[in-house]
Amino acid sequence: MTPSTHSAEPRLVVRSLRKTYRPPSTTSALRPVEALGGVDLHIDTPGFYAVMGRSGSGKSTLLHLLAGLDRPDSGEMWVGERAVHALSESQLVTYRRREIGIVFQQFNLVPTLDALGNTILPGVLDRQPLAELRERGRTLLEQLGLADRLNHRPETLSGGEQQRVAIARALVCSPSLILADEPTGNLDSHSSGLLWRLLEETAASRGIIVLMVTHEPVAAAHCQRTFILKDGRVAGDLNSHGLDPTLLAHRALELARSA
Ligand SMILES: Nc1ncnc2c1ncn2[C@@H]1O[C@H](COP(=O)(O)OP(=O)(O)OP(=O)(O)O)[C@@H](O)[C@H]1O
Ligand SMILES: [Mg+2]
């Protein structure tokens, strides 16, 4: 089967995904690191999903590959009907701008731009009409409770507010997939709770997949399923929505042990 004739309708499918980081040949003292050793993942309904696993298990690597920020060594990644593993460099640029929203632990806002300017930046880079973009950006920021912060620069916003701007920025081009890597790592527990609820609502109201890497069982309890990564492979997954966080952590550990 060639990538262009893929006929099923999975929303997010990863097959036998492998990635080894190889040091440049001049630094022979360093050894290659296998970050992903054959990841399989299948999500066929929109919603909020989590990836958990110990430090170094390959979570960020998986998100980077899905976001088109780096290339796998082998394997397949399907987002909707798109074969991400088969995209050319120029197709990847468009894919990153139009189909993917990314939220990192560091908010990565541009310090010289205000909240609205940061929000619409992906659309500006994609040369979309400015007036329309500004309208969309304004509406998004209002929906996220930032109506009176449109012209504030990042340094004058709280951590929670900055992260909401980062979410508005992730949403401005109406992506089909949102990838979040420990998005609440720099937030207090109140702002974290608000953010998880926001991501859950965003997935439901837009009918898209939000895939979040987290270390926190409380966060995974907002997600319908949680995938457990161990040593670069999926050790298993849990129906996690509404689970008691202590029980969730226990089950996650059991899965990782039994793999
Ligand atoms: N650019 C890189 N070059 C070499 N090795 C890397 C690189 N990025 C990650 N690694 C290695 O690949 C493995 C997986 O890293 P990754 O960042 O995906 O882990 P993670 O699960 O996100 O961990 P954490 O929870 O600490 O963020 C680790 O052993 C890491 O040291
Ligand atoms: Mg990481």
Side-chain angles (χ1 to χ4, degrees), residues 1-28 30-44 46 49-106 108 122 170 173 175-183 208-215 223 225-237 255-256 259:
M1 191 191 303
T2 62
S4 58
T5 59
H6 191 260
S7 57
E9 293 184 348
R11 301 294 306 270
L12 173 61
V13 172
V14 173
R15 288 199 195 107
S16 306
L17 198 68
R18 291 178 175 275
K19 175 73 183 179
T20 295
Y21 292 105
R22 296 177 198 287
S25 50
T26 46
T27 50
S28 54
L30 294 173
R31 291 176 172 276
V33 176
E34 186 190 69
L36 299 182
V39 166
D40 292 294
L41 199 80
H42 193 125
I43 297 176
D44 54 14
Y49 297 85
V51 178
M52 294 184 86
R54 287 171 63 166
S55 179
S57 59
K59 305 179 296 296
S60 295
T61 303
L62 174 62
L63 254 60
H64 274 93
L65 297 181
L66 286 171
L69 294 167
D70 201 356
R71 295 279 200 177
D73 296 330
S74 61
E76 297 183 6
M77 299 178 285
W78 296 87
V79 173
E81 292 298 302
R82 194 173 301 271
V84 180
H85 55 278
L87 296 179
S88 67
E89 286 302 323
S90 63
Q91 286 170 326
L92 270 182
V93 173
T94 311
Y95 166 77
R96 283 197 297 265
R97 283 189 186 152
R98 298 193 186 156
E99 306 221 16
I100 297 291
I102 309 177
V103 184
F104 293 108
Q105 179 174 345
Q106 298 78 11
N108 290 342
C173 292
S176 49
L177 174 65
I178 289 193
L179 300 165
D181 197 348
E182 300 188 52
I208 61 175
I209 290 171
V210 178
L211 186 64
M212 171 181 70
V213 165
T214 183
H215 283 285
C223 299
R225 257 160 84 204
T226 296
F227 298 91
I228 312 297
L229 269 194
K230 187 192 177 193
D231 299 336
R233 288 163 187 264
V234 176
D237 66 86
L255 268 178

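If you're wondering where the values come from, they're calculated on a predicted model, not measured in any experiment.
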Go through the steps for Glu99 and Leu177 under the test side chain to side chain contact (heavy atoms under 4.5 Å, CB included), then give the verdict.
CA-CA 6 Å; Glu99 306 221 16; Leu177 174 65; over 6 Å; no
I would like to know whether Leu65 and Val39 meet side chain to side chain contact (heavy atoms under 4.5 Å, CB included); could you show each step before the answer?
CA-CA 11 Å; Leu65 297 181; Val39 166; over 6 Å; no
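The CH2 atom of Trp78 sits 12.5 Å away from the NE2 atom of His42 when rounded to the nearest 0.5 Å. Separation of atoms CG (Leu69) and NE2 (His64) is listed at 5.5 Å; rounding is to 0.5 Å. Rounding to the nearest 0.5 angstrom, the gap separating the CG atom in Leu17 from the CG atom in Leu62 is 6.5 Å. With rounding to the nearest 0.5 angstrom, the CG atom of Asp70 is 12.5 Å from the CG atom of Leu63. Expressed to the nearest 0.5 Å, how far CD of Gln91 lies from CZ of Arg96 amounts to 12.0 Å.
Applying the side-chain hydrogen bond (donor to acceptor under 3.5 Å, both in side chains) rule to Tyr95 yields no partners; only residues at least two apart in sequence or on another chain are considered. For Arg98, the salt bridge (Lys or Arg N to Asp or Glu O under 4.0 Å) partners at least two apart in sequence or on another chain are Asp126. For Lys230, there are no salt bridge (Lys or Arg N to Asp or Glu O under 4.0 Å) partners two or more places apart in sequence or in a different chain. In terms of the side-chain hydrogen bond (donor to acceptor under 3.5 Å, both in side chains) criterion, residue partners of Thr226 (sequence neighbours excluded) are, by chain and number, Ser240. Take Arg97 and apply the salt bridge (Lys or Arg N to Asp or Glu O under 4.0 Å) test, not counting sequence neighbours, and it matches no residue. Residues satisfying the side chain to side chain contact (heavy atoms under 4.5 Å, CB included) criterion with Asn108, sequence neighbours excluded, are Phe104, Gln106, Arg169.
Contact between Ser16 and Asp40 at its shortest, heavy atoms only, is N-OD1, 2.9 Å. The minimum heavy-atom distance linking Ala170 with Val103 is given by the pair CB-CG2, 3.9 Å. For the pair Ala235 and Ala256, the tightest heavy-atom approach, listed with the atom from each and the gap, is CB-CA, 4.3 Å. Taking all atoms of both residues into account, the shortest heavy-atom contact from Gly38 to Arg233 is O-CG, 3.9 Å. The minimum heavy-atom distance between Thr61 and Ala35, with the atom names listed, is OG1-CB, 3.7 Å.
Asp73 places a side-chain N or O within 3.5 Å of a backbone atom of Thr20 that can act as its donor or acceptor partner. In terms of modelled atom types and a separation under 3.5 Å, the side chain of Arg15 and the main chain of Glu76 share no donor-acceptor contact.
Side-chain contact between Leu12 and Tyr49 is absent, with no heavy-atom pair separated by less than 4.5 Å. A 4.5 Å side-chain heavy-atom check between Ser57 and Asp231 finds every atom pair outside the cut-off. Within the 4.5 Å cutoff, no side-chain heavy atoms of Ile228 are placed close to those of Val234. Residues Val51 and Leu41 are not in side-chain contact: their nearest non-hydrogen atoms beyond the backbone lie 4.5 Å or more apart. Side-chain contact check for Val84 versus Leu66: every heavy-atom pair is 4.5 Å or farther apart.
Checked for salt-bridge contact, Glu89 and Arg71 meet the test: a charged N lies under 4.0 Å from a carboxylate O.
A side chain to side chain contact (heavy atoms under 4.5 Å, CB included) with Ser74 is found for one member of Arg18, His85, Lys19 and no other, namely Arg18. Remark: of the listed residues Val213, Thr214, Asp181, Val213 is the sole one forming a side chain to side chain contact (heavy atoms under 4.5 Å, CB included) with Lys59.
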